[in-house]
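Positions are given from 1 along the sequence.
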Amino acid sequence: MDDVTELAITVTELTQFCHRRGDIDQRFKPSPTGVQGVAGHQRVYTRRQASYQREYAVEYQHTEPGLILALRGRADGYDPEVGLVEEIKTCRVPPDTISEPVAQLHLAQARLYAAIIAAQELPPHLDVRVTWFNIDSGEEFNRTETYTKEALAEFLDATLSQFAEWLRKLADARRARDASLAELAFPYGEFREGQRDIAELSYKCIDQGGHLLLEAPTGSGKTSAVLFPALKAMATDKHDKVVFLTSKTVGRRAAENTLADLSAAGYRGTALSLTAKDKICLSPGRACHGDDCPYARDYYEKLPAAMFAAIEQGTLRRGDIESLAQTFEVCPYELTIDLLPWVDVIVADLHYVYSLTATLSACMESDNKRWTVLLDEAHNLPGRARDMYSAGLEKAALMRAKTHVSGNMAKALSRLNRQLLALQNASWQEAEFNSSESLPPDLIAALRNFVSTVSEELAQDPIFLHRHPELMTFYFEVLQFLRVADQWGDDYRFQLSRGPGRQSLRVTLNCLDSSRQLAARQQRAHSVIAFSATLSPLPWSKASLGLENGAVCSRANSPFDSEQLQVWLATDIDTRFRQRDTTLPQLARQLQRWLADIPGNCILYFPSYRYLQDCLVQMKYAGASPESRTLWVQHAQQSEGEREELLQLLAERRDVAAFCILGGVFGEGIDLPGEQLSSVVVVGIGMPQVNRNTRLLKDWHQQRHNAGFEYTFMYPGMQKVDQALGRVVRRLQDTGSALLIDPRYGEKQYRALLPCWWEYKPWPKS
């Protein structure tokens, strides 16, 4: 048995691989959300008789020389009394408009479930039924076919025979991967200080299927210290798949480069980087169907050859996928999606797991594999998640959508408009703002009616939305609004706001705290390892990320000597908003002195554009302008090319003074090793602005955690400071300086949030 390779796949994966035919056709078709799909299944179940067994688990073992394949899944329903196997598909279009290729795919999945049940239960025959259920109308459409157990066995054997070549390819790849991992050494020689502890904690977390929160200095090698044990754990059957999540391009590159180094050291597994559809499309401007795009035409016939080549190649970055797509004339984005079940490591933006339409989250929930999530720069997730789990609608957008439609569509929009008018005319807490802890059910009903009406129109005219772009934009906004409404809880507020115009009403579902939603998605993973240089205080980060109560929280030792970054504290200049005008001349003199005394490139971080500009004007007025420096100033709405200009300057010159925004694109996620950056100055704390929304957040966290100010202002502000400090020392040989300007840096509660691996000294007064 030592030479036998064991693989496991789901019935869904087998069906998708063997029974799809024809073109890609992604002309928009309304579909239920995951929550709505589950609810739709439950509604169908209430219509079935008592002997009907829901979500009936099936398993079938297929053996070939040298390998064992476990085929697993859950049939939506099995009724042994009447000999019925049912597959239920929810939809938002009239069920009789389902295309024949899709119908045949659904039927094939049901037949495979029936074949496995027939092999287990040995009935003489089974009825195989596919039920399409419209969640808006409650209408069912059924297709039922009867098969003998012999016919079902033949269908299963034929499917597995079709799958056999791919199965052998997977088995060979698995053997090569595990053999390489058994011999794989850490590709960078000896572990740095703290790296071994990170690696050991990561391996234990995966072994035990838990959650781990890791804080370690920027430049300490967190990516390799986490990825290396995650790969090793696959060879010892601790888990099945790894997804490395990033929020910025630099994190993605770090993961890809580490995987390349591991491959150079002998790793023979597969790794796939996911790229957004609009960025990787080879036919921009064309519709995603075979009539318009050559890469969609006959896609499923061309797909197997492309997938074989992809697995053979192993490491698949964006350029590799694009090259394969051109060679085999297949859609590059769809190719990456079809490769997901078969690769070992996936590198992706965090929305692929955490958004309400997340591709990888759906895979984690359905494929019975043990996924480990490696969450890079984890401090970015809570803020991103609040945006992902919020939604808004504008009355003006509805009125634009209503302009060129008639009939039932105009009636549906009018009904929705009446609900918005009722909200607009109700009593508000303030003249321009109102907040509530409950959702208005009549509004949600009107939104669902609108979506149902769009579905009916699309059933008659598939390009209906494309002919009405304003309506299409509004429709997608409504879909997101309803997705968020499905997540409603006490951590949400229903908000109304308006300006001076007649159509200025805006309706918002505001997610105050994303931890509940994040926790639900963390539960789908076998293990989660969240890491960053800025997670202090760790209990706050653990709660904000939705990690389980038993999550291990650890702060790694620094590989750097404390003297490598000289951190000075100028606590005599008050940068708080009300004191800025008074202390601005003193600040200008301090910055001029720093730029005169500390050589090399410097980034000076400010909490706002206004403060930055005021300081530059003051420096010029006082004759303290850094004329001996190459000056670069960040502006709002700068293009990507303008931002690249600064990175180019820092790479080429050693006299740059860059005035930037704390927490902006240059505040984290940029790698400036060696002499590219010699020092940073941080003016203030970088706390979020005090406004209506942050006051709501403060009240929420005060009620929930008795720490409203800390959770809303202090901790997020100090994270930005810590990230700015992390820009200077990036490599073991780097040195540099930093200046933190504000009286609060002298206070214990703020000092405790600064990185513990540096020493902090008072800046000598002139």
Compare every heavy atom of [Y] with every heavy atom of [X], then report the nearest pair and how far apart it is.
X      : Y      : answer
Arg286 : Pro294 : NH1-CD, 3.1 Å
Val226 : Ser202 : CG2-OG, 3.8 Å
Ile670 : Ile603 : CD1-CD1, 4.4 Å
Arg751 : Tyr760 : NH2-CB, 3.9 Å
Arg521 : Ser355 : NE-O, 3.9 Å
Ser514 : Pro382 : OG-O, 3.3 Å

Between atom [atom1] of [X] and atom [atom2] of [Y], what is the distance when rounded to the nearest 0.5 Å?
X      : Y      : atom1 : atom2 : result
Gln566 : Leu739 : CD    : CG    : 12.5 Å
His211 : Gln522 : NE2   : CD    : 5.5 Å
Ile598 : Ser679 : CD1   : OG    : 6.5 Å
Asp561 : Trp757 : CG    : CH2   : 14.5 Å
Leu227 : Leu231 : CG    : CG    : 5.5 Å
Leu282 : Gln326 : CG    : CD    : 5.5 Å

More than 12 heavy atoms of other groups within 6.0 Å of [X] [atom1]:
X      : atom1 : result
Glu183 : CD    : no
Glu312 : CD    : no
Gln733 : CD    : yes
Glu190 : CD    : no
Asp581 : CG    : no
Arg384 : CZ    : yes
Glu640 : CD    : no

Hey, are the side chains of [X] and [Y] touching, using non-hydrogen atoms and a 4.5 Å cut-off?
X      : Y      : answer
Trp632 : Cys660 : yes
Glu322 : Thr275 : no
Pro217 : Val729 : no
Met718 : Tyr745 : yes
Lys542 : Leu538 : no
Phe191 : Ile198 : no
Arg576 : Arg744 : yes
Glu675 : Asn601 : no

Any donor and acceptor pair, going by atom type alone, linking the side chain of [X] with main-chain N or O of [Y] inside 3.5 Å?
X      : Y      : answer
Gln195 : Gly221 : yes
Glu200 : Asp197 : no
Ser390 : Asp387 : no
Arg629 : Gly600 : yes
Glu193 : Asn557 : no
Glu668 : Val665 : no
Tyr605 : Phe666 : yes
Arg386 : Cys511 : yes
Arg317 : Glu256 : yes
Gln480 : Met388 : yes

Between [X] and [Y], a side-chain donor and acceptor under 3.5 Å:
X      : Y      : result
Asp572 : Gln586 : yes
Ser247 : Asn380 : yes
Arg654 : Ser678 : no
Thr583 : Asp574 : no
Asp261 : Thr258 : no
Gln648 : Glu644 : no
Thr246 : Asp376 : no

Review point. Which is it for His379 and Gln723 under the side chain to side chain contact (heavy atoms under 4.5 Å, CB included) test, yes or no, and what are the steps along the way?
Key: CA-CA 10 Å; His379 66 277; Gln723 282 291 327; 3.0 Å; yes
Exercise for review: Using a strict 4.0 Å threshold on nitrogen-to-oxygen distance, state whether Asp614 and Arg580 make a salt bridge.
Suggested key: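 Looking at Arg580 together with Asp614, the answer is no, because their closest N to O distance does not fall below 4.0 Å.
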Practice item. For the pair Asp344 and Arg268, find out whether any cationic side-chain nitrogen is under 4.0 Å from an anionic carboxylate oxygen. Key: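 Salt bridge flag = no for Arg268 with Asp344.
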**Study point:** Pair Leu274-Leu360, side chain to side chain contact (heavy atoms under 4.5 Å, CB included): steps then yes or no
**Key:** CA-CA 11 Å; Leu274 296 184; Leu360 292 177; 4.3 Å; yes
Practice item. In sequence, state the C-alpha distance, the side-chain angles, and the governing distance for Arg192 and Leu732, and then conclude on side chain to side chain contact (heavy atoms under 4.5 Å, CB included). Key: CA-CA 9 Å; Arg192 296 179 186 177; Leu732 289 179; 3.9 Å; yes
Practice item. Begin from the C-alpha positions of Thr694 and Asn691 and carry the test side-chain hydrogen bond (donor to acceptor under 3.5 Å, both in side chains) through to its verdict. Key: CA-CA 5 Å; Thr694 52; Asn691 53 38; 3.1 Å; yes
**Study point:** Derivation and outcome, side chain to side chain contact (heavy atoms under 4.5 Å, CB included), residues Phe577 and Tyr611
**Key:** CA-CA 9 Å; Phe577 185 78; Tyr611 198 15; over 6 Å; no
Review point. How are the rings of Trp540 and Tyr715 set to each other: parallel, tilted or perpendicular (split at 30° and 60°)?
Key: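 Correct class here is tilted.
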Point to revise | Sole candidate of Leu339, Thr336, Val330, Leu316 that passes side-chain contact (heavy atoms from CB on, under 4.5 Å) when paired with Leu324 | key: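 It is Leu316, the one option of Leu339, Thr336, Val330, Leu316 that forms the side-chain contact (heavy atoms from CB on, under 4.5 Å) with Leu324.
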